[in-house]
Asks: 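Below: one structure in structure tokens.
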2 protein chains.
Amino acid sequence: MAKEANHPVRTTEKSLALIERLREADGARIRDLVGVAELSKGAVHNHLSTLREHGYVTKEGEEYRLSLQFLTLGGYTRGRTPLYRYGRSKADQLAADTGMLTNLVTEENGRGVYLYQARGDYAVNLDTHVGYRIRLHYTGVGKAILAYLDPERVDEIVDEWGLPMETENTITDRGELHAELDRIRARGYATDHEERTEGLACIAAPIRLDDEILGAISISAPTQRLGNEGFDEEIVGEVESTANELALDLKYRYDG
Amino acid sequence: MAKEANHPVRTTEKSLALIERLREADGARIRDLVGVAELSKGAVHNHLSTLREHGYVTKEGEEYRLSLQFLTLGGYTRGRTPLYRYGRSKADQLAADTGMLTNLVTEENGRGVYLYQARGDYAVNLDTHVGYRIRLHYTGVGKAILAYLDPERVDEIVDEWGLPMETENTITDRGELHAELDRIRARGYATDHEERTEGLACIAAPIRLDDEILGAISISAPTQRLGNEGFDEEIVGEVESTANELALDLKYRYDG
DNA sequence: GCGGAGTGTTTTCACATCGAAAACAACCTA
DNA sequence: TAGGTTGTTTTCGATGTGAAAACACTCCGC
């Protein structure tokens, strides 16, 4: 996130805290929200009524929930993202060709954000989904992105988010991470061999435009489907060529 | 939307106005936002900094934009929606079977919200997308939903949103709309014969759970593909049976 | 290199507004 | 009917907001 604002608008922060709480709690009643941001019952009521009037919150009976307005704004924002605009059909194609789950991920504030997923005929079901935010250090897409960020930025991100261990294969050492990023740059693609989820592997390729890293595209599958020792050359090739096509499309696109 | 709050939180409303403006303008600089909600330059700066610190807004150079945080919250909210959870695979299947564009839409605050779209091999490209909001009176999904809302609610919605004409086939008369909704209830599905877009037709079926209307599923295609005079019986059957399966899945689902 | 215009950021302080507290309303249970 | 719980509304004083102004920075043209 950004450095602290000099003159934060505290009232807005209170509304945002309520929104965050509604998300965590998956909807809540007023009494459950008393105390959030140190707000009283009446104050919670005022904030929720305001958010509701503007369509950001719905009320069913006594229960307040986040509305689909976030999906509307999010869909709009995603639609303005070149990586999504040009990458969606490529991801569909890669999913159809390989039968696997393909992902389109970009970076925001030091984490990955899933922009799109396409499901092939044999796609695995995971906890990830559009909008989902994920640590960069233990995913193929994440490492593919990190490899092409400035090293200082990588360190900033590690400082902020750490290198939490998820499986025994997770990279938890900063030096080891940088070495891995060197390898990724050298060969042009990233892999994830059960670094976040046991039994799951990924092959990911960065998508760059004029030295700027826009994100990455990947396929995820059970480890054995991607080649148990060493990754399957053919599948790696498919991911790489899809990424190359996408990068070219982005470079020579018509609109701004 | 809701009736006016008694004690609106004006500061929150100002932040929301800025968010709305950023969406409309597709990003903006501070000078462009002066005057929105009657805010001064310094005030705009404070609001944007606050929103940025909490991850709702990004800043590239001097330009502020909505972040993907909305996609994150929206993806989360969508994932909590039973119609989406159970309907996604059905929509995929219907798209694969028919080759057409299939849509999953629910209603919120008097408009339809696209929850999901699946693309068959011959799917048309439209302006609709996930999160997109659409009037109910000139779409198949919209009319399928209206047909199973309380008639008073339908009138409320018409009062709020009107019946704007989009093509010469658009229903613009309230009585005619109610007659159409009667027909839809009688035969169990709705159609759209170029009522919103010339050359485009839809077949839509409502998804209900215990007399509550959760939304609708539809397929969209060029008019001639759905049968030029009268809709193709076979395709109608596919949509209807998909809707029935989905309704059953929703009724006998395992989780709450 | 200099001055001026345009813009983003920070500071100050008067006054709008936010929200704690309390009263009220609506509901449920015993 | 009384008593408990919760949502909504009102009141009014403390707080936080934002207009205005000053400052900092960049980009011009000369």
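Every chain is numbered from 1 and lettered A, B, ... according to where its sequence line falls, protein lines coming before strand lines.
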Asks: On the 0 to 90° scale, with breaks at 30° and 60°, tag the B/Phe70-A/Phe70 ring pair as parallel, tilted or perpendicular.
Replies: parallel

Asks: In whole angstrom, give the distance that lies between atom CG of B/Asn46 and atom P of C/dT12.
Replies: 14 Å

Asks: Taking side chain to side chain donor-acceptor pair (under 3.5 Å) as the test, write out the residues that go with B/His178, two or more places apart.
Replies: B/Asp155

Asks: Just N and O in the side chain of B/His45: are any of them under 4.0 Å from OP1 or OP2 of C/dG8?
Replies: no

Asks: How long is the line joining CG of B/Leu51 and P of D/dT17, in whole Å?
Replies: 13 Å

Asks: Looking at B/Leu68, is its backbone amide N or carbonyl O close enough to the side chain of A/Glu108 to form a donor-acceptor pair, meaning the two atoms are under 3.5 Å apart?
Replies: yes

Asks: Taking the side chain as every heavy atom from C-beta outward, state whether B/Glu107 and B/Arg153 have any pair of such atoms under 4.5 Å apart.
Replies: yes

Asks: B/Arg10 has a side chain; which of D/dT8, D/dT10, C/dT17 sits nearest to it?
Replies: C/dT17

Asks: Can you tell me if CD on A/Glu24 sees more than 12 non-hydrogen neighbours from other groups inside 6.0 Å?
Replies: yes

Asks: Please list, in numerical order, the residues of residues 22-44 of chain A that have a heavy atom closer than 4.0 Å to any atom of DNA chain C.
Replies: A/Glu38, A/Leu39, A/Ser40, A/Ala43

Asks: Do any side-chain nitrogens or oxygens of A/Thr11 fall under 4.0 Å of OP1 or OP2 in D/dT17?
Replies: yes

Asks: Given that A/Tyr64 and A/Val9 both sit by DNA chain D, which one's nearest nucleotide is further toward the 5' end?
Replies: A/Tyr64

Asks: Starting at NE2 of A/His7 and ending at C1' of D/dA19, how long is that distance when rounded to a whole Å?
Replies: 13 Å

Asks: Can a side-chain donor-acceptor contact be found between B/Thr139 and B/Asp192 if the only test is distance below 3.5 angstrom?
Replies: no

Asks: For a quick test of reading the model: is some side-chain N or O of B/His47 closer than 4.0 Å to OP1 or OP2 of D/dT17?
Replies: no

Asks: Please tabulate, for the side chains in residues 39-46 of chain A, all donor-acceptor contacts under 3.5 angstrom to protein atoms that are two or more places apart in sequence or on a different chain.
Replies:
residue : atom : partner : partner atom : Å
A/Ser40 : OG   : A/Ala43 : N            : 3.4

Asks: What is the separation between atom CD on B/Glu13 and atom P on D/dG16, rounded to the nearest whole Å?
Replies: 20 Å

Asks: How many Å lie between CG on A/Leu48 and C1' on D/dT6, as a whole number?
Replies: 14 Å

Asks: Strictly below 4.0 Å: does A/Lys59 bring a side-chain N or O up to OP1 or OP2 of D/dT8?
Replies: yes

Asks: B/Lys14 NZ to D/dG16 P: how many Å, rounded?
Replies: 15 Å

